[in-house]
Protein chains: 2
Amino acid sequence: MVRKVTINDLAQAAGTSVTTVSQILNGKGDRFSSDTRKRVLNLKVEMNYVPDFNARNLIMKSAQTIGVLVPNVGNPFFSELIKGIQAIARENQFIPIIFSSNHDAELEKYYIEKLVERSVSGLIIASSASTSEVIDEILKPNNIQYLLIDENTVETGDTVETDDYYGGQLAAQHLIDLGHQKIAMMISDDLTNNLRRRLEGFKDSCLKNKTEIFQIEAPMTKKGGYEAVADLVNLSGVTAIFTINDEMAVGVYRGLWERNLKIPEDFSLIGYDGIEWGEYISPKLTTIKQPIVEMGKKSAEVLLNRINNPKVKKQTVNLPVELVVRESTQRIRK
Amino acid sequence: MVRKVTINDLAQAAGTSVTTVSQILNGKGDRFSSDTRKRVLNLKVEMNYVPDFNARNLIMKSAQTIGVLVPNVGNPFFSELIKGIQAIARENQFIPIIFSSNHDAELEKYYIEKLVERSVSGLIIASSASTSEVIDEILKPNNIQYLLIDENTVETGDTVETDDYYGGQLAAQHLIDLGHQKIAMMISDDLTNNLRRRLEGFKDSCLKNKTEIFQIEAPMTKKGGYEAVADLVNLSGVTAIFTINDEMAVGVYRGLWERNLKIPEDFSLIGYDGIEWGEYISPKLTTIKQPIVEMGKKSAEVLLNRINNPKVKKQTVNLPVELVVRESTQRIRK
DNA sequence: ACTATTTCCTAAAACCATTTACTAAATTAT
DNA sequence: ATAATTTAGTAAATGGTTTTAGGAAATAGT
């Protein structure tokens, strides 16, 4: 078995002390001759020296780690989000530890405990199975920073969100502008706060324009959207559909297709999120686009800022959403 | 900020030595009087003592962690895989740290170093930007176990794979059985070994049946598939398409749709992977299904087994693939 | 020529938990 | 009564890194 190369080995090889090596490798090497510096730097590569994280953090008292909790890595919204987080984390020499809780509150709690054990400096939570309980019971006592995505109900802790109410309005207004007067909304029966706002925006706009709305409840998955079509076709006079997220819309495409109903001729359909898949499905999905990668980036930035600076007051970042008109909506024909 | 409670504080409070405390807390406390044991155990809870992860791992040299490297978390194949890994890791009190390398060899190396730093016990690599180099330079010197998914070229290290050659044959045979005689294959120009085998299986079957094949090269993404359609329509007489993965097929759907070409009437299309999306796109995608979650589970199992048991000889797990006939292929009409 | 300041470098302490190798006292065996 | 064993405990070494405090040699200042 090969022993790991330590800073000691490197110092020995370079004919210098461990202090010197440590300083040079940590960018505090201006006090050393460029000769020594070069020698150390070269040997580092040559000997493939990698500092031991545990030893380093034991003394530095920071794990250079943030935890990320999402409900489902398989959902493109969250995988995009992760990309953004990962990018910023990397820039700051942090690593994200990602967990997918599958909407299971118990699993969520278990993973959060695991993360705390590992002294992560902070947590990004984009999953809300049991948020406020977890915060009070685990995060606060252990003095762990946290940031919630799309959830601004907790008084402490930073937030990154988009204007869901406005997004909902945007979606409704688009359908109304196209002349639709009876619209079905497909939503989950178990809404997080941002989804509730999204829905309210949608409803309020419809109400103001005297547009009739029908509510269909189903899980926010492809399968959920697919099955909801069974309810949809029982409604009479509906000409447009709003699904609370894009993934659900994909299921609706399939459900309608099986019944030989056409998008957008028989039903205009608008989704929400702006995942890449929406551009490849036919007809292309009209949607409200969230800046998903940007949300991930911003989340990591704000959290890391708080970690370095625990005393700044609660930050709330609001990012813009936008209507992206593609092919799945059209003007109603009488 | 409150200083963290250390084992020393706990020992002092209990009027005993750190050795005693350590032993008791690690279940090796049968050598101590039940009196001492109780005192320590109670104080642990009372003082909210949590052993420092870094200190512990520094000396134990195991972080109860495995690293997972995938090219792209956004690709459903890999997010499914991650689900399987996560499940088994959890059962074994291990934590997976997941990185998405985006096919960037440098990024891949960077993340592997990060993982080594943290003394992960093992690595699951489902990304092949620079595998053999990384293994020789980083993994071996640092004595880190590793398992490759769909890559069985390295002499050491375990492997989990499916029978790609057979899968390729299956795909070809299906199209041939339906009477297709001119088939386009869409593949990446930069193939990993398993993809190469997949392709060979496909080609060999076609060759044996005197079926003509046309090769179109494009990235293995939705966009790649979409753009490849431009080349496809220049080919004459082609009636069927094989895409090397399902995601690419999704792009082909779009490309054909835009040209008003129908699946399966104008082109039969078969993909490879069996991702969930294939069941929601219309017509449903015929594909070669890999047991993706199972692959993840098996990978974690084999790697963890090796970690506990470094001397067992190289293990290679081969999982079955299956043809799933859905709606995107049909018998050719003369 | 003598002191003051850089320049370049190092020894040793600190971080916290685990483990090894022991000791002293109490109990049991002969 | 003495030797052997068991019980209950601890001191000290260990792991790999960063940081503090300082030292010797070279250069600059007067």
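Just so it is clear: chains get the letters A, B, ... in the order the sequence lines come, proteins before strands, and each one is counted from 1.
Every residue two or more places apart in sequence or in another chain was checked for a side chain to side chain contact (heavy atoms under 4.5 Å, CB included) with A/Asn308, and none qualifies. With sequence neighbours left out, B/Thr316 forms a side chain to side chain contact (heavy atoms under 4.5 Å, CB included) with B/Asn152, B/Thr159, B/Glu161, B/Lys314.
Using a 4.0 Å heavy-atom distance criterion, A/Thr20 is classed as a base contact.
Side-chain contact between B/Asn26 and B/Arg56 is present, with heavy atoms from C-beta onward closer than 4.5 Å. Contact annotation: the side chain of B/Asp9 approaches that of B/Met47 to within less than 4.5 Å [non-hydrogen atoms, C-beta and beyond].
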Margin query: Counting primed atoms plus P, OP1 and OP2 as sugar-phosphate and everything else as base, spell out the protein contacts along nucleotides 20-26 of chain D at 4.0 Å heavy-atom distance: B, S or - for each nucleotide, 5' to 3'.
Written below: B------
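Residue B/Lys114 qualifies as enclosed at atom NZ: its count of foreign heavy atoms under 6.0 Å is above 12.
Rounded to whole Å, atom C1' of C/dT19 lies 15 Å from atom CD1 of B/Ile24. Atoms CG (A/Asn8) and C1' (D/dT18) sit 13 Å apart, rounded to a whole Å. Between A/Leu10 atom CG and C/dC9 atom P there is a gap of 15 Å when expressed in whole angstrom units. Rounded to a whole Å, the CG atom of A/Asn26 is 13 Å from the C1' atom of D/dG16. A/Gln64 has its CD atom 15 Å from the P atom of D/dT17, to the nearest Å. Atom CD of A/Gln12 and atom C1' of D/dG16 are 14 Å apart (whole Å). A straight line from CD1 of A/Ile7 to P of D/dG15 spans 15 Å, rounded to a whole angstrom. The distance from atom CZ of B/Arg39 to atom C1' of D/dA8 is 12 Å, rounded to the nearest whole Å.
Although no hydrogens or angles enter the test, the distance criterion places a donor-acceptor pair under 3.5 Å between the side chain of A/Arg306 and the main chain of A/Val312.
Checking A/Arg37 against A/Val18, the closest nucleotide of DNA chain C that is more toward the 5' end is the one next to A/Arg37.
DNA chain D lies under 4.0 Å from at least one heavy atom of each of the following residues of residues 51-61 of chain B: B/Ala55, B/Leu58, B/Ile59, B/Lys61.
A/Phe53 carries B/Arg118 over the face of its six-membered ring, with the cationic atom under 6.0 Å from the centre and within 45° of the normal.
B/Ala63 and B/Ser121 make their closest contact through N-OG, 4.3 Å (heavy atoms, listed as atom of the first residue, atom of the second, distance).
Of the candidate nucleotides D/dT10, D/dG9, C/dA11, C/dA11 has the atom nearest to the side chain of A/Ser17.
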Below 3.5 Å, can you tabulate the donor-acceptor pairs from side chains in residues 85-99 of chain B to any protein atom, sequence neighbours excluded?
from: B/Gln86; atom 1: OE1; to: A/Ser100; atom 2: N; distance (Å): 3.2
from: B/Gln86; atom 1: NE2; to: A/Ser100; atom 2: O; distance (Å): 3.0
from: B/Gln86; atom 1: NE2; to: A/Tyr111; atom 2: OH; distance (Å): 3.4
from: B/Asn92; atom 1: ND2; to: B/Ile88; atom 2: O; distance (Å): 2.9

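Overall, the helix from C/dA1-D/dT30 to C/dT30-D/dA1 carries an axis bend of 50° between its ends, with five pairs at each end and the value rounded to 10°.
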